[in-house]
Engineer: 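Dumping the structure here so I can ask a few things about it.
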Amino acid sequence: MARAADDHAAGEGLGVGQHLVLQMLDAVGPCSQQTLSEELRIDRSVMVGICDDLEQAGHVRRERNPRDRRSYAVTITDSGRRRLAEAQTSIPAFLEDAFHPLTPEERGQLSALLGKLLGIGA
């Protein structure tokens with residue numbers, strides 16, 4: 001599934017890590033790269049590259065963190081919000097295609113089992 005998600009994301013022009021960063025920034029507001037790295041469980045060195053790519057594309061901007069001048073706050077831009085919205089529209093079709101071999105009951109079982117493993121909805 002991870003490979004399929006990466007392939008899909010690459011086809012959409014927005015990597016999975018980039019998507020996650022934009023999603024988090026849109027949800028919680030500006031964050032340091034360290035916070036993004038810790039919360040999304042993405043290695044710090046990888047996070048630097050993700051933020052570099054997003055900044056170069058104009059989807060985020062880095063500014064001095066007003067609470068800690070030693071760090072930078074990463075902020076989603078309007079361009080990033082538009083790109084995130086575009087990417088989000090393709091996810092339901094991707095998931096439907098990825099899980100089409102499963103019956104609705106099997107999908108429910110899979111969801112319940114994964115939730116149990118992850119400690120969600122117990």
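Keep in mind that what you see is a predicted model, and the values were worked out from it rather than measured.
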Engineer: Taking the side chain as every heavy atom from C-beta outward, state whether Thr103 and Gln109 have any atom pair closer than 4.5 Å.
Structural biologist: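 No, side chains not in contact.
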Engineer: Work out which heavy atom in Glu106 is nearest to a heavy atom in Pro101; give both atom names and the distance.
Structural biologist: OE1-O, 4.0 Å
Engineer: Please determine whether residues Leu113 and Leu118 belong to a single hydrophobic cluster, defined as Ile, Leu, Val, Met, Phe, Trp and Tyr linked transitively by side-chain heavy-atom distances below 4.5 Å.
Structural biologist: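 Cluster IDs for Leu113 and Leu118 differ.
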Engineer: Using side-chain heavy atoms (C-beta onward) and a distance below 4.5 Å, is Glu63 in contact with Tyr72?
Structural biologist: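 No - every pair of side-chain heavy atoms lies 4.5 Å or more apart.
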Engineer: To the nearest 0.5 Å, tell me how far Arg107 CZ sits from His100 NE2.
Structural biologist: 9.0 Å
Engineer: In Å, rounded to the nearest 0.5 Å, how long is the span from CE of Met24 to CD1 of Ile76?
Structural biologist: 12.0 Å
Engineer: Indicate, with yes or no, if Phe94 and Leu114 share a hydrophobic cluster defined by side-chain heavy-atom contacts under 4.5 Å among Ile, Leu, Val, Met, Phe, Trp and Tyr.
Structural biologist: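 Hydrophobic grouping puts Leu114 with Phe94.
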Engineer: To the nearest 0.5 Å, how far apart are CG in Leu110 and CG in Leu102?
Structural biologist: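 Atom-to-atom, Leu110:CG and Leu102:CG are 6.5 Å apart.
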Engineer: Determine the sole option in Arg61, Glu55, Arg82 for which the side chain to side chain contact (heavy atoms under 4.5 Å, CB included) test with Thr77 is passed.
Structural biologist: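 Answer to the side chain to side chain contact (heavy atoms under 4.5 Å, CB included) test with Thr77 among Arg61, Glu55, Arg82: Arg61.
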Engineer: Honestly curious: do Val16 and Leu95 fall in one hydrophobic cluster under the side-chain, below-4.5 Å linking rule?
Structural biologist: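 Different clusters: Val16 never reaches Leu95 through Ile, Leu, Val, Met, Phe, Trp or Tyr contacts under 4.5 Å.
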Engineer: Specify the closest pair of heavy atoms between Ala57 and Ser79, including all atoms of both residues, with the distance to one decimal.
Structural biologist: O-OG, 4.3 Å
Engineer: Quick check for you: to the nearest 0.5 Å, what is the distance between Gln23 atom CD and Leu14 atom CG?
Structural biologist: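 Rounded to the nearest 0.5 Å, the CD-CG separation comes out at 10.0 Å.
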Engineer: Considering only heavy atoms from C-beta outward, does the side chain of His19 approach that of Leu22 to under 4.5 Å?
Structural biologist: no
Engineer: Measuring from atom CD of Gln18 to atom NE2 of His59, what distance do you get when rounded to the nearest 0.5 angstrom?
Structural biologist: 7.5 Å
Engineer: If you group Ile, Leu, Val, Met, Phe, Trp and Tyr by side-chain heavy-atom gaps below 4.5 Å, do Ile42 and Leu84 land in one group?
Structural biologist: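 Linked within one cluster.
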Engineer: For the hydrophobic clusters of this structure (ILVMFWY residues joined by side-chain heavy atoms under 4.5 Å, transitively), does one cluster hold both Leu40 and Val46?
Structural biologist: yes
Engineer: Are the side chains of Leu54 and Arg83 in contact, using a 4.5 Å heavy-atom criterion?
Structural biologist: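 A side-chain contact under 4.5 Å is absent here.
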Engineer: Looking only at side chains, do Glu38 and Gln34 share a donor and an acceptor under 3.5 Å apart?
Structural biologist: yes
Engineer: Have a look at Leu36 and tell me which of Val28, Val60, Leu25 forms a side chain to side chain contact (heavy atoms under 4.5 Å, CB included) with it.
Structural biologist: Leu25
Engineer: Minimum heavy-atom separation for Pro92 to Thr89, with atom names?
Structural biologist: CD-O, 3.6 Å
